[in-house]
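Since the structure comes first, as structure tokens, the remarks are kept for the end.
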Amino acid sequence: TVWFDDLRVLRLPRMQLSSSSPTGLFTRRETGPLTCAVSGIRVHKPSIRFELFDDRGERLAEATESLVPTAETARQARPAPQEGYAGQASWTQPVPDYGFYRVKASLLAEGSPSALLDRWQTLAVLRPLPPLRSSEFGWSLDEGERPLTYGQMASLLAQSGIGWAKMPVWYDTNDSATADRIAWFAEQLSIGGIELVGILDQPPPEL
């Protein structure tokens, strides 16, 4: 038996900040634009304030960009439709050098001094280094392709300075697509000098 008290239903706007790299890692100072997508808000002339901070929390750059409405929102006659506003804004942050950075995106409304919502995104700009010939360190990838795909994980492991990676490789014999993805992933790691260690501890459901 479950009892509820003081139950309220409120509108929850959605705000997402993402970079051009799913991992947030870059090997060049040209990190590409950050994109902030917002939906479900009821404000007039919304905008996004982007701020770039270094690893010590010092603000290096700031810019305010107007939200570009989606095609559906643009067709609405009112500036803040009853069902909510949806749009996005992009900003290419001026990263001065290699290092670790954080970007803050704040949702602003016209005439309001305080932010309605904010999101953070981390960026790590690494110097491109040649792959190590051997390393005693390794990673265990217990979830396979979660939360990153094999392609994204191969790029990440190439910058991690490891010599091997363990992951489950027990799959259905009729699942040729999974076999091809694992083989491709192993080949990509081998090119970077990383040995893939297969683990047989998660049998397929049919077994």
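Worth saying up front: this structure is predicted, and the values here are computed from it rather than measured.
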So, for [X] and [Y], which heavy atoms are closest and what is the spacing to 0.1 Å?
| X | Y | value |
| --- | --- | --- |
| Leu67 | Ala89 | CD2-N, 3.7 Å |
| Ser20 | Phe26 | OG-CE2, 3.5 Å |
| Tyr171 | Thr178 | CB-CG2, 3.9 Å |
| Tyr98 | Thr27 | CE2-O, 4.0 Å |
| Met15 | Val38 | CG-CG2, 3.9 Å |
| Lys45 | Glu110 | CD-OE1, 3.3 Å |

Connected via hydrophobic side-chain network under 4.5 Å: [X] and [Y]:
| X | Y | value |
| --- | --- | --- |
| Ile191 | Val197 | no |
| Leu156 | Met167 | yes |
| Trp184 | Leu196 | yes |
| Ile48 | Phe53 | no |
| Leu123 | Leu60 | yes |

Distance from [X] atom [atom1] to [Y] atom [atom2], nearest 0.5 Å?
| X | Y | atom1 | atom2 | result |
| --- | --- | --- | --- | --- |
| Arg49 | Glu62 | CZ | CD | 6.0 Å |
| Asp201 | Asp142 | CG | CG | 8.0 Å |
| Trp120 | Glu51 | CH2 | CD | 7.0 Å |
| Arg14 | Ile41 | CZ | CD1 | 13.5 Å |
| Ile194 | Trp139 | CD1 | CH2 | 9.0 Å |
| Arg102 | Gln121 | CZ | CD | 10.5 Å |

Contact check, side chains of [X] and [Y], non-hydrogen atoms, under 4.5 Å:
| X | Y | value |
| --- | --- | --- |
| Phe137 | Ser160 | no |
| Pro33 | Phe50 | no |
| Leu116 | Pro13 | no |
| Thr23 | Leu148 | yes |

Q.
Pair Phe185, Leu157 - check side chain to side chain contact (heavy atoms under 4.5 Å, CB included), show working.
A. CA-CA 11 Å; Phe185 184 54; Leu157 295 182; 4.0 Å; yes
Q | Distance-only donor-acceptor check, side chains Gln93 and Thr31, under 3.5 Å | A |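 On atom types as modelled, these side chains qualify, holding a pair under 3.5 Å.
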Q.
With a 6.0 Å cut-off (strictly less than), is the heavy-atom count around CD of Gln188, excluding the residue itself, greater than 12?
A.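 Yes - once you tally the heavy atoms of other residues, nucleotides and ligands closer than 6.0 Å, there are more than 12.
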**Q.** Ser47 side chain to Thr64 backbone, donor-acceptor under 3.5 Å
**A.**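 No; zero donor-acceptor contacts below 3.5 Å.
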Q) Do side-chain atoms of Gln16 reach the backbone of Ala37 as a donor and acceptor pair under 3.5 angstrom? A) no
Q: Please assess Glu145 against Tyr150 for the test side chain to side chain contact (heavy atoms under 4.5 Å, CB included), listing each intermediate value before the final yes or no.
A: CA-CA 6 Å; Glu145 283 197 277; Tyr150 285 145; 3.3 Å; yes
